[in-house]
Each structure stands twice: as structure tokens, then as C-alpha cells.
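The structure follows.
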Amino acid sequence: MRAMSQNALGGPEVLTMVELDRPEPGPAEVLVRVHAAGVNPADWKIRATGGHLGQPPFVLGWDVSGVVEATGAGTTIHKPGDEVFGMLPFPFGNGAYAEYVTAPARTFARKPAAVDHTRAAAIPLAALTAWQALVDTAATRSGDRVLIHAAAGGVGHFAVQIAKARGAYVVGTASAAKHDFLRGLGADEVIDYRTEDFAEVARDMDVVIETVGGEYGRRSLRTLREGGVIVSLTLSLLDPGLHAAAAERGIRSEAMLVEADHAGMRSLAALAEAGRLRPEIAAVLPLEDAAKAHELGESGGTTGKIVLTVTP
């Protein structure tokens, strides 16, 4: 099978097309023919540094949408021919930049019929991150006031939609050029982080989804009411004093890493099928142009997700 691999750490140019043996599904696993693979910031960060994967060679990618080709012993929830989408177990289940992947069957959920493979591949990692932050960690409820940083980004634009689906009042930070886009997703207020201090504008927040890092965590504490929660999704940039500073204000502080989640994927599929979760696609490129996809992602300022098409 074809796959985009790398033999060294470095820039996008280290990504090269190779031929690898097609994997075989083990017990409770499925073999999926990949139709599209989503691209995430984790991809280019690990390409450059190795991250949790260490030294290459390895095949990047965690977002998959495709068709089940075969099942391993004991698999009951998927059958050959099923259209599925999901996030390969993060961070060690990588391999989406390939024509085939194997993974535990419950990594995948049925692809919403209303969403094609390209759009479905844009959903898993970013939307699961938003779901697990808002629903599982912050327990967002109807009427909550939610502040979402980088609200037009991959995680952010899903977080806006999920928070609105939960009945929350949503405030997002983004550059002025993206305000109309966010209002179209349902954001109630949008703050231009370039010209306004969000810590002076947003008040009495119940939940903050922090996706930027640096000083954003400490500044976000000023927006939260006592008893609120801040969820940091930037583990490598987490301010080590944030937990103590939050505790002093009576605020809960959590640092979260996304996990493979069958129940979460089914919830996201239901929202997408109902038209309440719409992935914004920044660019679609063929698998062999993975390096260009990384260049585009690393340039910053993209709205939504980049997707690689693998099987026509």
C-alpha cells in the first residue's frame, strides 16, 4: 500500500511516499481502506520533533474516514463494507496517511450519511478534543457562559458548535476577519484578540477552553466566576503556576489530552447527521501533497481543517 512516511525529523520535505505491507486486523480490530485523512497541528509538531513517537520512521495521521475491508476475530460492531470514521488511538495509534489502517473496532463509528468522507475526516481528533473538554471535563450545561480561544481554528470551531448544541452562551476570540464566520456557527459574542483585551471584555464565564498557551491561561482566570473551570488543551505550553493561581480564585483547572472514544464519536456523528456539527474545510489535497498540507497548516491563520484525500 502507499503511505506518506518519514525517515528523519525536520520540515515538510521529510515526508515521502513509500510502499508498505498492508496491515492485517488482529482480534477486535478492523482493517479500514482510508478514503480521507485529516491533518492536525499535532501532525506537523510530531513530524518536526518526534514528540511521543520518538525517532522515525513512522507514518503520521490520526483522523480517518473510510470503508471497513476486513474484521478481526471477535469484532461485532462493524462489518466489511461499512463506512466509518474515527480517531486512531492518540498518540501511539498513528498511521492515517496511508491507504489502509488497522485499529480497535471501537475506535470508529458509523460515518454520518449526510457527510462525505472528506468532511468526515476533518471531524475526529479536533471535534473529540472539543467534546471531551466541554462535555466530559467541564460538564457544560444549558445557560453556561463559555469562552473559547482561537474559536475559528480546528478545535475552536467545533467547540463553538458543540457548546451551542449544549445550550451555552458562547464567546469566542478570533481575528476580525473571522468574526462573521463564527457568528454563522452560532457564537453570541466575538472578541478581536488583536485590538481588545479579552480579559477585560469577557466576564462571569463558567467555562474557558484554552487552546493557545502561554499567558492566555492566567489571563483567562480573570474572566471566570468562582466555581468555574478552565480546560487547557496546550499541555506543552501549560503555565506550571496555573493550577495554583486558579485554586486561589476558587476555579477548577484541568489539562486535557484527547483519547480515542467510541461513545464520543457516536455523539459527534449524531450532531453531524442532524446538521448541528459542520466541519469547515480550509483545503483538500491529495495524499502525495502531504508536505504542502503541512506547509499550509504551519503558515497559521487557516480557518477550520486541512484534509488529505487518499482513495478517490
Electrostatic pair Glu99-Arg22, nearest N-O below 4.0 angstrom: no
Given Val39, Asn94, Ile46, the one that forms side-chain contact (heavy atoms from CB on, under 4.5 Å) with Leu60: Ile46
Check: Phe85 and Pro112 side chains under 4.5 Å, non-hydrogen atoms: yes
His262 ring center within less than 6.0 Å of Phe108 ring center: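 Ring centres of His262 and Phe108 not closer than 6.0 Å.
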Straight-line distance of Glu29 CD to Thr75 OG1, nearest 0.5 Å: 8.0 Å
Distance in Å, Ile148 CD1 paired with Met205 CE, rounded so as to fall on 0.5 Å steps: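 Going from the CD1 atom of Ile148 to the CE atom of Met205 covers 10.5 Å.
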Sub-4.5 Å side-chain heavy-atom contact between Tyr169 and Asp144: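 Contact flag for Tyr169/Asp144 side chains = no.
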Note: Arg183-Asp188 ion pair, threshold 4.0 Å (strictly below): no
Salt bridge present between Lys45 and Glu298 (N-O < 4.0 angstrom): no
Non-neighbouring partners of Phe90 that pass ring-ring contact (aromatic ring centres under 6.0 Å, His included), sequence neighbours left out: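 With sequence neighbours excluded, Phe90 shows a ring-ring contact (aromatic ring centres under 6.0 Å, His included) to Trp62, given in chain and number order.
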Cluster overlap Leu308 with Leu20, hydrophobic side-chain contacts below 4.5 Å: yes
Nearest heavy-atom neighbours spanning Ile123 and Phe158: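 Residues Ile123 and Phe158, closest heavy atoms: CA-CZ, 3.8 Å.
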Residue Arg222 excluded, over 12 heavy atoms near CZ under 6.0 Å: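 Yes, enclosed.
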Minimum-distance pair of heavy atoms, taken over all atoms of Ala127 and Ile162: O-CD1, 3.8 Å
Connected via hydrophobic side-chain network under 4.5 Å: Met1 and Val84: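 Both belong to a single hydrophobic cluster.
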His243 versus Ser253, side-chain donor and acceptor atoms under 3.5 Å: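 Checked: Ser253/His243 side chains pair up, N/O donor to acceptor below 3.5 Å.
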Minimum side-chain heavy-atom gap Leu9-Arg47 below 4.5 Å: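 No. Closest side-chain heavy atoms not under 4.5 Å.
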Side-chain touch Thr71/Leu31, heavy atoms, less than 4.5 angstrom: no
Matching residue for Asp206 among Arg225, Arg145, Arg252 - test: salt bridge (charged side-chain N to carboxylate O under 4.0 Å, His left out):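 Looking at Arg225, Arg145, Arg252, the match for Asp206 under the salt bridge (charged side-chain N to carboxylate O under 4.0 Å, His left out) is Arg225.
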Side chains of Leu147 and Val207 in contact at under 4.5 Å (non-hydrogen atoms): no
Donor on one side chain, acceptor on other, His117 and Glu83, under 3.5 Å: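 On atom types as modelled, these side chains qualify, holding a pair under 3.5 Å.
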Cluster link Leu221 to Val201, ILVMFWY, side chain under 4.5 Å: yes
Sequence-distant partners of Tyr100, ring-ring contact (aromatic ring centres under 6.0 Å, His included), two or more places apart: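 Tyr100: no ring-ring contact (aromatic ring centres under 6.0 Å, His included) contacts found.
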Ion pair Asp261/Arg106, N-O distance below 4.0 Å: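 Looking at Asp261 and Arg106, the cut-off is not met.
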Any Val67 side-chain heavy atom under 4.5 Å of His35 side chain: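 Yes, their side chains come closer than 4.5 Å.
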N-O pairing of Glu200 and Arg203 below 4.0 Å: yes
Geometric class of the His52/Phe92 ring pair [parallel <30°, tilted 30-60°, perpendicular >60°]: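 Correct class here is perpendicular.
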Distance in Å, Trp131 CH2 paired with Gln161 CD, rounded so as to fall on 0.5 Å steps: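 Separation between the atoms: 12.5 Å.
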Approximate separation, where rounding is to 0.5 Å, of Glu210 CD and Arg218 CZ: 12.5 Å
Short side-chain to backbone donor-acceptor contact, His294 and Ala291, under 3.5 Å: no
For the student: nearest non-hydrogen atoms of Glu259 and Met87, plus distance: C-CE, 3.4 Å
Heavy-atom pair of closest approach, residues Thr107 and Met265: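 Taking every non-hydrogen atom into account, O-CG, 4.1 Å.
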ILVMFWY cluster, Phe181 and Ile281 together (side-chain gap under 4.5 Å): no
Hydrophobic cluster membership, Val284 vs Met4, 4.5 Å side-chain cutoff: no
Expected output: side-chain Glu280 to main-chain Lys305 donor-acceptor under 3.5 Å: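 Answer holds: no.
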Minimal non-hydrogen separation, Val34 against Ala96, with atom names: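 So the minimum-distance heavy-atom pair works out to CG1-O, 4.0 Å.
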Heavy-atom check, side chain of Val101 versus side chain of Leu88, under 4.5 Å: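 Yes - at least one pair of side-chain heavy atoms lies under 4.5 Å apart.
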Pair His149, Ser220: side-chain N/O donor-acceptor within cut-off below 3.5 Å: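 A donor-acceptor contact under 3.5 Å links the two side chains.
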Residue pair Met256 / Val231: nearest heavy atoms and the distance that separates them: CB-CG1, 4.1 Å
Value rounded to 0.5 Å, distance of NZ in Lys164 from CG in Leu134: 12.5 Å
Rounded distance [0.5 Å steps], CG in Leu271 versus CZ in Arg278: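 Answer for the CG-CZ pair, Leu271 versus Arg278, is 13.5 Å.
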